[in-house]
Amino acid sequence: PKAQLRVAASDITAVVILDDIPKDTKGKVLMFLVLTPTSQVMSGKQRLENLVLQTTADALLDVAVVGQERISGSAAVVLCQLLGMLGITSFISPDPDLYTTVKGKQAMTAVFKV
């Protein structure tokens, strides 16, 4: 479900970027914001551990930054630049040369908590 949330930069520990999703024909880019275990980011009564932002590879974003030049370009890149300005230093993206199945298809190991 869509919701409007406010997340402090100090609540974000890492950003995981998936920009080459197998069988995706729309050019989706997923950005997972991993939250600290002590964050109090809530959706209703549920404390969130991660947030997922979805954009596309061709989506553009233009942002004014106080005291600096505007940042514009690919939405995912601009979002990462803004998060970096806020002090986020851990950005992770799988290397397609390393994360493949035995048959050579793209894949990456993941653990899901339900």
Ignoring hydrogens and angles, write down the donor-acceptor pairs under 3.5 Å from the side chains of residues 72-86, residues two or more places apart or on other chains.
none

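From Asp62, atom CG reaches atom CD1 of Ile71 across 9.5 Å, with rounding to the nearest 0.5 Å. With values rounded to the nearest 0.5 angstrom, Leu61 atom CG is found 8.0 Å from Thr55 atom OG1. Here the CD1-CG distance, from Ile88 to Asp11, works out to 9.0 Å after rounding to the nearest 0.5 Å. To the nearest 0.5 Å, the span separating CD on Gln40 from CZ on Arg47 amounts to 7.0 Å.
Although no hydrogens or angles enter the test, the distance criterion places a donor-acceptor pair under 3.5 Å between the side chain of Thr36 and the main chain of Ser39.
Heavy-atom minimum distance, Met42 versus Leu5: O-CD2, 3.3 Å.
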Quiz item: Yes or no on side-chain contact (heavy atoms from CB on, under 4.5 Å) for Leu33 and Val7, after CA distance, side-chain angles and deciding distance?
Solution: CA-CA 10 Å; Leu33 304 182; Val7 180; 5.8 Å; no
Exercise. Apply side-chain contact (heavy atoms from CB on, under 4.5 Å) to the pair Ile17 and Leu30, showing each step before the final yes or no.
Key: CA-CA 6 Å; Ile17 306 153; Leu30 299 178; over 6 Å; no
Exercise. Let me see the working for Gln54 and Val29 under side-chain contact (heavy atoms from CB on, under 4.5 Å), right down to the final yes or no.
Key: CA-CA 6 Å; Gln54 179 180 311; Val29 177; over 6 Å; no
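Hydrophobic clustering keeps Val65 apart from Leu60 (ILVMFWY residues linked when any side-chain heavy atoms are closer than 4.5 Å, directly or through intermediates). Note: the hydrophobic cluster containing Leu35 also contains Phe91 (ILVMFWY, side chain heavy atoms under 4.5 Å, direct or indirect links).
Leu53 is not listed as a side-chain neighbour of Phe32, based on a closest heavy-atom distance of 4.5 Å or more. Counting only heavy atoms from C-beta outward, the side chains of Met31 and Val52 never approach each other to under 4.5 Å.
Legend: residues meeting side-chain contact (heavy atoms from CB on, under 4.5 Å) with Thr56, ordered by chain and number and at least two apart, are Asp58, Ala59. Legend: residues meeting side-chain hydrogen bond (donor to acceptor under 3.5 Å, both in side chains) with Arg6, ordered by chain and number and at least two apart, are absent. Partners of Glu69 according to the side-chain contact (heavy atoms from CB on, under 4.5 Å) rule, which considers only residues two or more places apart in sequence or in another chain, do not exist here. Not counting sequence neighbours, the partners of Asn50 by the side-chain contact (heavy atoms from CB on, under 4.5 Å) test are Val34. Remark: Ser90 engages Ala14, Ile92 in a side-chain contact (heavy atoms from CB on, under 4.5 Å) (not counting sequence neighbours).
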